[in-house]
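Step one of this worksheet: look at the structure below.
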Amino acid sequence: MSETAPAASLDFIREMIAADVAAGRNGGQVITRFPPEPNGYLHIGHAKSICLNFGLSQEYAPHSRCHLRFDDTNPTKEEVEYVESIMEDVKWLGFDWGTHLFYASDYFEKLYGFAVQLIEKGLAYVDDQTPEQIRESRGTLTAPGTASPYRDRSAAENKDLFARMRAGEFKNGEKVLRAKIDMASPNMNLRDPVIYRIMHAHHHRTGDAWCIYPMYDYAHPLSDALEGITHSLCTLEFEHHRPLYEWLINSVDGLPGAPYQREFARLNLTYTVMSKRKLLRLVKDGLVHGWDDPRMPTISGIRRRGYTPAAIRAFCKAIGLTKYPSLTELNLLEHHVREDLNKHALRVYAVLKPIKVVLTNYPEGQVEHVEVPNNPENEADGKRQVPLSRELYIDADDFMETPVQGFHRLVPGGEVRLKYAFCIICQEVIKDAQGNIIELRCTYDDATRHGVKPVGRPKVKGTIHWVSAAQAADIELRLYDKLFTVEQPDEQAGEDGDFTQFLNPGSLETVIAKIEPSILTAKPGSHYQFERVGYFFADPKDSQLGKPIFNRTVQLKDGFVVKK
RNA sequence: UACCCCGUGGUGUAACGGUAACACAGGAGAUUUUGGAUCUCUUAUUCAAGGUUCGAAUCCUUGCGGGGUAGCCA
């Protein structure tokens with residue numbers, strides 16, 4: 001064994017696993033699995049599980065591994081498209097299942113054999129009741145269930161019936177195979193759960209080979225055991241399934257492994273929804289532009305938004321792992337995104353709401369280039385030349401005709417520094433007939449170049465970014481904001497309310513910005529910080545070479561907010 | 001109103017019977033050619049009541065609050 005770290009503090013799962021390893025259980029091996037059903041796209045909540053399961057396999061390397069297993073036991077909901085996107089997302093997050101790629105459908109034959117074994121042991125029976133009858137006889141949360149009239153069929157009869165179910169003799173819903181446990185159990189999952197159902201449906205991998213399919217509750221523990229999984233980690237809603245999980249592990253003979261299941265709280269994030277059903281609704285109703293819309297909490301969405309794998313991993317580490325049904329602030333995610341991007345994103349000047357500035361004492365027709373660092377956080381990123389001339393654009397937010405208290409930027413008669421250029425003084429405000437400001441006429445001071453602060457003059461408090469008008473590129477920017485206006489849209493909407501009423505109408509604003517010409521070479525899928533504005537990501541789908549389109553990943557923190 | 005799980009600053013977590021701490025958020029300052037970043041300081045916490053103990057966030061009891069569970073979904 002090679003590790004281990006100073007061991008900061010372990011969450012309850014890791015503590016448990018550490019104890020297992022210390023006790024030499026499973027020969028000191030830790031084998032986990034990430035088991036998505038390929039029926040949709042992965043979201044940030046799945047990232048928590050991925051970071052846990054794959055993270056564990058890294059922490060216990062080399063005595064460890066994490067399987068990627070597709071839980072494809074319901075052919076009516078699953079598609080290869082989802083299989084592919086899930087694999088892409090896991091890889092993008094920075095994890096690798098190596099050769100350990102599995103499908104529950106690979107075990108259909110073995111699973112069938114185990115079911116026959118249960119029948120022979122008198123632990124499973126074929127039930128002819130209708131779905132309605134089964135539901136009614138299951139009882140309620142407060143009342144016990146009642147036995148099916150078919151509960152005591154002989155093993156031989158059950159075996160025959162089950163074989164005929166497989167052979168396709170019956171229609172959907174005509175018969176099921178049930179585990180024979182306890183119809184009076186306070187745990188509904190133990191009231192003779194259905195373990196096989198008839199589905200004449202085409203499976204994305206097994207085709208038409210099967211017309212009976214195992215249920216999750218049956219397939220999952222046995223798949224875990226077949227793969228030698230040691231720790232089966234899932235979210236809290238499966239807590240009540242644990243006794244069934246253990247029942248199966250204990251009831252089936254000849255299993256190569258003895259995994260156990262533990263549960264942790266799923267991730268909830270403010271200002272978004274996480275359930276597949278609700279995300280699907282957003283896509284289907286055209287409320288967002290697809291699963292990879294940068295406003296979506298899907299992995300493909302946040303990837304396209306410009307969030308980084310490292311940021312997401314750091315976030316998943318920061319949120320911890322407990323059984324408390326917590327609500328994490330979106331804030332925290334954004335913090336980690338900024339932290340990562342601050343170190344790596346190249347800086348560029350972009351003016352989102354341009355006002356023209358004319359430097360009246362700057363020679364007409366002259367263009368010079370000023371040298372600016374690509375990333376002050378990392379000298380190795382080098383420098384670039386930014387054109388500067390008589391006509392510039394600055395951002396409308398950086399000028400106030402009648403400034404509020406505390407405003408440090410340009411005002412009539414006032415002075416600001418143009419970053420890495422020189423200071424300018426606003427001499428005149430030009431307006432159109434409607435009174436809109438269309439131009440600022442300013443003078444520049446050559447003595448203030450290179451950050452020089454002339455003595456004897458009032459201190460220039462503001463430094464603003466700018467672009468040279470003639471050389472500026474017109475670039476499309478997609479300014480994304482929170483998808484919802486309230487922290488918990490589903491909670492607020494209530495049981496029968498509609499969460500879409502809380503959709504943020506301003507979650508996407510598209511603008512054409514004036515950006516320094518170097519931006520034209522931006523590669524799709526690259527990160528930038530538009531100085532003083534935010535982090536932006538060249539959209540990998542819609543950008544073209546020489547014509548990038550940017551998604552706003554996250555705004556910069558703004559220490560100055562105009563109070564109204 | 002059955003059973004199971006969970007309650008620590010605003011939020012997320014740590015403290016494993018022995019000084020309640022960390023991060024985010026908030027506030028103040030320093031610094032800065034980004035009102036960013038960085039650095040310093042700071043506000044604010046054990047659901048309640050009993051009990052056990054020299055000592056309880058931690059163990060016990062009760063109460064209160066939150067979440068989950070009645071698919072031939074996963």
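Chain A is the first sequence line, chain B the second, and so forth, proteins listed ahead of strands; every chain is numbered from 1.
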How far, in whole Å, is G67(B) from C47(B) if one measures between their C1' atoms? 16 Å
Is Glu227(A) salt-bridged to Arg33(A), going by a charged N under 4.0 Å from an acidic O? no
Every protein N/O within reach of nucleotides 21-25 of chain B N/O, cut-off under 3.5 Å:
residue : atom : partner   : partner atom : Å
A25(B)  : OP1  : Lys557(A) : NZ           : 3.4

U11(B) and U46(B), which share atom name P, separated by this distance in whole Å: 12 Å
Taking NZ, NE, NH1 and NH2 as the nitrogens, is one of them in Glu368(A) or Arg449(A) under 4.0 Å from a carboxylate oxygen of the other? yes
Just call it for Thr73(A): base, sugar-phosphate, or nothing, with non-hydrogen atoms closer than 4.0 Å on any strand. sugar-phosphate
Would you say G12(B) has OP1 or OP2 under 4.0 Å from some side-chain N or O of Thr328(A)? no
I want to verify a distance call: between C73(B), U33(B), U1(B), whose nearest atom is closest to the Glu37(A) side chain? C73(B)
C73(B), OP1 or OP2 - any side-chain N/O from Thr76(A) closer than 4.0 Å? no
When you check the side-chain N and O atoms of Gln261(A) and Tyr245(A), is any donor under 3.5 Å from an acceptor? no
Looking only at side-chain N and O atoms, does Ser326(A) come under 4.0 Å of OP1 or OP2 in U11(B)? no
5' priority, RNA chain B, between Asn342(A) and Ile198(A) [closest heavy atom]: Asn342(A)
Salt bridge between Asp128(A) and Arg153(A), side-chain N to carboxylate O under 4.0 Å? yes
Tightest non-hydrogen contact, residues Tyr349(A) and Arg384(A), listed as N-NH2, 4.0 Å
In whole angstrom, give the distance that lies between atom CG of Leu327(A) and atom C1' of G68(B). 17 Å
Please determine if Asp398(A) and Arg532(A) form a salt bridge, counting it only when a charged side-chain N lies under 4.0 Å from a carboxylate O. yes
Using the P atom as the point on both nucleotides, what is the distance between A2(B) and C59(B), in whole Å? 25 Å
Tyr218(A) vs Phe114(A), test: ring pair (Phe, Tyr, Trp, His ring centres under 6.0 Å). Steps then yes/no. CA-CA 10 Å; Tyr218(A) 175 78; Phe114(A) 292 143; 7.8 Å; no
Taken to the nearest whole Å, CG/Asp490(A) to P/G68(B) is 10 Å
Of the nucleotides A14(B), A74(B), G67(B), which one has an atom closest to the side chain of Tyr216(A)? A74(B)
Donor-acceptor pair under 3.5 Å: do we get one between Arg532(A)'s side chain and the base of G35(B)? no
Counting only heavy atoms not in Lys461(A), do more than 12 sit closer than 6.0 Å to its NZ atom? no
For atom CG of Leu190(A) and atom C1' of A2(B), their distance in whole Å: 15 Å
Using the P atom as the reference point in each nucleotide, state the distance between U69(B) and U62(B) in Å, no decimals. 26 Å
Counting only Watson-Crick pairs (N1-N3 plus N6-O4 or O6-N4) and G-U wobbles (N1-O2, O6-N3), all under 3.5 Å, who is the partner of G65(B)? C6(B)
d(CD, Glu334(A); P, G36(B)) in whole Å: 16 Å
C39(B) to C54(B) separation - C1' atoms, rounded to the nearest Å: 44 Å
Taking the same atom, C1', in A28(B) and in G65(B), what whole-Å distance lies between them? 36 Å
How far, in whole Å, is G9(B) from C24(B) if one measures between their C1' atoms? 12 Å
Could you let me know what G29(B) is paired to, Watson-Crick or G-U wobble, both distances under 3.5 Å, or none if it's on its own? C39(B)
Going by modelled atom types, is there a donor-acceptor pair between the base of U69(B) and the side chain of Glu239(A) at under 3.5 Å? no
Base, sugar-phosphate alone, or nothing: which one does Asn74(A) contact when heavy atoms must sit under 4.0 Å apart? sugar-phosphate
Nearest whole Å is fine: how far is C72(B) P from Lys171(A) NZ? 20 Å
Carboxylate-amine/guanidinium proximity below 4.0 Å for Arg205(A) and Glu78(A): no
Does Arg135(A) have any side-chain contact (heavy atoms from CB on, under 4.5 Å) partners at least two apart in sequence or in another chain, and if so, which? Glu132(A), Arg138(A)
Determine which nucleotide pairs with G71(B), using a 3.5 Å limit on both distances of a Watson-Crick or G-U wobble pair. none
What is the nucleic acid contact for His465(A), judged by heavy atoms within less than 4.0 Å: base, sugar-phosphate only, or nothing? nothing
If I take atom CD in residue Gln133(A) and atom P in nucleotide G71(B), what distance separates them, rounded to the nearest angstrom? 15 Å
Tell me which nucleotide among U69(B), C6(B), C72(B) gets nearest to the side chain of Met215(A). C72(B)
Give Thr322(A) one of three labels, base, sugar-phosphate or nothing, depending on what nucleic acid heavy atoms sit under 4.0 Å from its own. sugar-phosphate
Going by an N to O cut-off under 4.0 Å, is there a salt bridge joining Asp127(A) and Lys175(A)? no
As a test of reading the structure: which of C72(B), U1(B), G36(B) is closest to the side chain of Arg197(A), going by heavy atoms? C72(B)
Arg347(A) has its side chain closest, among G67(B), U69(B), G36(B), to G36(B)
Between G26(B) and A14(B), how far is it from one P atom to the other, in whole Å? 24 Å
My understanding is that a pair needs two contacts under 3.5 Å, Watson-Crick or G-U wobble. By that rule, which nucleotide pairs with U58(B)? none
If I take atom CZ in residue Arg262(A) and atom P in nucleotide C5(B), what distance separates them, rounded to the nearest angstrom? 12 Å
A23(B): pairing nucleotide in any strand, Watson-Crick or G-U under 3.5 angstrom: U11(B)
Between U69(B), U13(B), U34(B), which nucleotide has the shortest distance from any of its atoms to the side chain of Pro376(A)? U34(B)
Salt bridge Asp397(A)-Arg409(A), side-chain N to carboxylate O under 4.0 Å: no
From CD of Glu531(A) over to P of G36(B), roughly how many Å is that when rounded to an integer? 13 Å
Determine: side-chain N/O of Arg138(A) to OP1/OP2 of G71(B), distance under 4.0 Å, yes or no. yes
From the options G36(B), A15(B), U34(B), select the nucleotide whose nearest atom is closest to the side chain of Ser9(A). A15(B)
For A44(B), which nucleotide is its Watson-Crick or G-U wobble mate, given both distances must be under 3.5 Å? none
Pick base, sugar-phosphate or nothing for Arg135(A), based on heavy-atom distances below 4.0 Å to the nucleic acid. sugar-phosphate
Kindly point out which of C72(B), C73(B), U33(B) is positioned nearest to the side chain of Val194(A)? C72(B)
Comparing Glu377(A) and Asn189(A) on RNA chain B - which has the more 5′ nearest nucleotide: Glu377(A)
Can you tell me which nucleotide in A70(B), C5(B), G67(B) comes closest to the side chain of Glu491(A)? G67(B)
Output the single nucleotide from C72(B), U33(B), G12(B) whose closest atom is nearest the side chain of Thr463(A). U33(B)
Would G7(B) be called syn or anti, given that syn covers angles within 90° of 0? anti
